[in-house]
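The structure under discussion appears below in the form of structure tokens.
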Amino acid sequence: MQSVYNYSFDELVTFLESIGEKKFRATQIFEWLYRARVSSFDEMTNLSSKTIEKLKEHLIIDNLEVETKEVSKDGTIKFLFKLPDERFIETVLMTHNYGNSVCVTSQVGCNMGCAFCASGELGKIRNLTLSEMVLQVLMVQKELDKENRRVSNIVVMGIGEPFDNYDTLLKFLRVVNYPKGLEIGARHITVSTCGIVPKIKEFADFDLQINLAISLHAPNDVLRSNLMKINKRYQLSEVMDALNYYFVKTNRRVTFEYILLEGVNDSLAHAKELVDLIKATDEVGKCCYVNLIPYNEVSTKPFKRTSHEQAERFFKVLHDNNIQATLRMEHGSDISAACGQLRAKKERRNG
Ligand code: SAH
């Protein structure tokens with residue numbers, strides 16, 4: 001038995017043809033799954049009972065098991081889902097003034113080994129399947145359905161490196177963007193990468209206009225290589241070249257994410273170095289955006305969060321040099337640990 005959510009639209013068409021069904025059934029099934037959000041084939045009332053029986057022979061409409069669900073005062077909801085192989089993943093719903101955004105996980109664990117991050121501690125256990133990625137969004141949407149609200153934005157910024165699960169990522173993006181389904185606009189979706197250069201270039205050629213965010217976290221190679229293993233493979237100059245390519249191809253503004261770590265990357269000299277790095281990068285430098293992120297401290301890591309005052313000073317250097325930036329607010333700070341820490345705790349206990 002296979003989860004129906006493991007099929008991209010094209011794969012569903014091929015599957016239907018292989019069991020002697022017409023192609024257009026794929027459109028009907030996608031509408032039932034992603035627009036009507038049914039939980040059984042029997043609810044698909046425009047399919048004959050014979051077709052339904054055939055579908056049931058091969059496919060199941062499954063969901064994710066909720067291990068814990070925490071609701072914050074600010075509307076943030078954190079789900080810890082338990083997968084069939086007893087692994088855990090986190091998904092977060094954040095409520096903004098512009099809509100409801102879901103932070104999606106792409107892997108169980110992560111191989112990128114960033115020094116400050118809880119998710120890399122146990123390495124990558126496996127990639128998520130398409131159904132496991134899609135169901136994170138559907139589970140949140142079903143929760144919002146109760147209040148007539150909809151998921152308007154997706155950020156692939158949960159656990160894992162999405163460009164290390166690239167083919168599944170692309171299928172996921174098409175499914176959530178499907179016009180008669182969840183219909184989440186490409187411009188309302190952001191994928192975040194630690195900087196896998198060949199995939200940045202490939203992504204530039206993807207036909208959907210998805211936003212790209214880069215986890216920068218340091219303005220020079222020495223510091224970045226200390227914080228992020230990936231920088232030893234793809235140095236800043238290569239990352240910036242790839243981003244230029246992305247920008248020229250897509251005309252989409254790139255976002256730089258920069259976690260402020262006390263005494264590590266948060267001095268005003270670092271801020272100035274960041275300005276210089278960005279300004280030196282031809283195309284991207286003219287049109288990008290820096291997201292300054294408060295660090296969620298991880299008990300097993302030595303890093304500390306920069307004070308709000310220092311964060312403001314850092315921000316001001318960017319602002320005074322005409323770099324667009326925001327000082328991101330933390331969401332759900334009253335509920336449990338953030339950024340992969342729920343899952344890390346759980347896996348450590350089990351492992
Ligand atoms: N692998 C991808 C996406 C997942 S991480 C990437 O690197 O972009 C999403 C973002 O959270 C990244 O910018 C990552 O560096 C950041 N992050 C990781 N641990 C964090 C922590 N403890 N506090 C704040 N941000 C963190």
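Fair warning: this is a prediction, and the values are worked out from it, not measured in the lab. Start at 1 and go down the list; that is how both ligands and their atoms are numbered.
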**Study point:** ligand 1 versus N296: contacting region, heavy-atom distance under 4.0 Å
**Key:** both
Exercise for review: Report, in ascending order of atom number, the atoms of ligand 1 lying under 4.0 Å from any heavy atom of C117.
Suggested key: 18 (C), 19 (N)
Study note, to complete from the structure: Here the atoms of ligand 1 under 4.0 Å from any heavy atom belonging to S192 are 2 (C), 3 (C), 6 (C), 8 (O)
Check your understanding: Hey, looking at atom 14 (C) of ligand 1, which of M228, Q107, E257, H217 has the closest heavy atom?
Key -> H217
Check your understanding: Could an N or O of ligand 1 be found under 3.5 Å from any N or O of G160, whether backbone or side chain?
Key -> yes
Practice item. Give a yes or no on whether the ring-centroid distance for Y7 and F15 is below 6.0 angstrom. Key: yes
Check your understanding: Which ligand 1 atoms are under 4.0 Å away from a heavy-atom of C194?
Key -> 6 (C), 7 (O), 8 (O)
Practice item. Without swapping roles, check the side chain of Q310 against the backbone of D266 for a donor-acceptor pair under 3.5 Å. Key: yes
Study note, to complete from the structure: ligand 1 atoms nearer than 4.0 angstrom to some heavy atom of G158 are 4 (C), 5 (S)
Review point. Can we call the ring centroids of H270 and F314 under 6.0 Å apart?
Key: no
Exercise for review: Determine, stepwise, if the pair E17 / K22 fulfils salt bridge (charged side-chain N to carboxylate O under 4.0 Å, His left out).
Suggested key: CA-CA 6 Å; E17 287 182 322; K22 292 272 188 305; over 6 Å; no
Review point. Should the pair K69-E143 be classified as a salt bridge under the 4.0 Å nitrogen-to-oxygen rule?
Key: yes
Check your understanding: Does any N/O atom on S215 come nearer than 3.5 Å to any N/O atom on ligand 1?
Key -> yes
Check your understanding: Short list, please: which atoms of ligand 1 are under 4.0 Å from a heavy atom of V298?
Key -> 22 (N)
**Study point:** Distance-only side-chain donor-acceptor flag, N100 / R150, under 3.5 Å
**Key:** no
Review point. Are side-chain N/O atoms of S106 and E161 paired as donor and acceptor at under 3.5 Å?
Key: no
Practice item. Could you tell me if any non-hydrogen atom of M112 lies under 4.0 Å from any atom of ligand 1? Key: no
